[in-house]
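Before any comments, here is the structure.
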Amino acid sequence: MEVIVSKVRAEKKISLRQLARISGVKRSHLSDIENNRTSPTLDELDALATALNVRIVDLFVEQ
């Protein structure tokens with residue numbers, strides 16, 4: 001499964017900086033998550049989903 005935070009973020013028209021501020025996830029780490037260089041923790045997924053007003057499952061797509 002692939003994390004698709006950037007796609008959801010773009011659909012919500014939220015900048016990387018805004019999402020980092022709202023979610024509490026550092027911008028550089030968020031960039032790494034969006035570019036699949038690292039995997040988010042469950043706490044980070046929860047924070048991102050809350051900030052984007054979606055369910056955690058909505059941040060994934062099956063490959």
Side-chain angles (χ1 to χ4, degrees):
M1 297 192 56
E2 179 182 349
V3 178
I4 55 165
V5 174
S6 61
K7 180 177 182 279
V8 177
R9 180 175 62 76
E11 288 171 358
K12 299 282 185 170
K13 297 183 177 151
I14 296 175
S15 71
L16 188 70
R17 179 173 286 167
Q18 289 171 314
L19 182 56
R21 188 182 71 246
I22 295 166
S23 68
V25 177
K26 290 184 179 182
R27 188 176 63 184
S28 60
H29 186 60
L30 185 52
S31 177
D32 287 342
I33 291 168
E34 288 191 353
N35 290 293
N36 295 312
R37 289 188 292 257
T38 190
S39 297
T41 65
L42 185 55
D43 287 339
E44 290 167 338
L45 285 171
D46 184 49
L48 293 169
T50 299
L52 292 166
N53 197 30
V54 297
R55 302 171 302 163
I56 289 175
V57 70
D58 296 330
L59 298 177
F60 290 92
V61 64
E62 287 189 47
Q63 294 181 337

Q: Quick one: list whatever passes side chain to side chain donor-acceptor pair (under 3.5 Å) with S6, sequence neighbours left out.
A: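 By the side chain to side chain donor-acceptor pair (under 3.5 Å) rule, S6 matches no residue at all.
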Q. Listed by chain and number, what are the side chain to side chain donor-acceptor pair (under 3.5 Å) partners of N35, not counting sequence neighbours?
A.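 By the side chain to side chain donor-acceptor pair (under 3.5 Å) rule, N35 matches S31.
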Quick check for you: to the nearest 0.5 Å, what is the distance between [X] atom [atom1] and [Y] atom [atom2]?
{"X": "L59", "Y": "D46", "atom1": "CG", "atom2": "CG", "result": "10.0 Å"}
{"X": "L52", "Y": "Q18", "atom1": "CG", "atom2": "CD", "result": "11.0 Å"}
{"X": "L30", "Y": "L19", "atom1": "CG", "atom2": "CG", "result": "5.0 Å"}
{"X": "R21", "Y": "S15", "atom1": "CZ", "atom2": "OG", "result": "7.5 Å"}

(Q) So for atom NZ, which belongs to K12, do other residues, nucleotides or ligands contribute more than 12 heavy atoms lying within a distance under 6.0 Å? (A)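 Atom NZ in K12 is crowded, with more than 12 foreign heavy atoms closer than 6.0 Å.
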Q | Exceeds 12 heavy-atom contacts within 6.0 angstrom, atom CZ of R17 | A |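 Counting neighbours around CZ of R17, 12 or fewer heavy atoms of other residues, nucleotides or ligands fall under 6.0 Å, so no.
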**Q.** Given P40, S23, S39, the one that forms side chain to side chain contact (heavy atoms under 4.5 Å, CB included) with L45
**A.**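 It is P40, the one option of P40, S23, S39 that forms the side chain to side chain contact (heavy atoms under 4.5 Å, CB included) with L45.
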Q: Evaluate side-chain contact (heavy atoms from CB on, under 4.5 Å) for L16 paired with E34, printing each intermediate quantity in order.
A: CA-CA 10 Å; L16 188 70; E34 288 191 353; 3.8 Å; yes
**Q.** R9 to I14 - nearest heavy-atom pair and separation
**A.**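 Scanning both residues, the minimum pair turns out to be CG-O, 2.8 Å.
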**Q.** Closest non-hydrogen atom pair, V3 against F60
**A.**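 Smallest interatomic distance, heavy atoms only, reads CG2-CE2, 3.6 Å.
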Q) Among the clusters formed by ILVMFWY side chains lying less than 4.5 Å apart, do V25 and I22 turn up in the same one? A)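 In one cluster with V25: I22, no.
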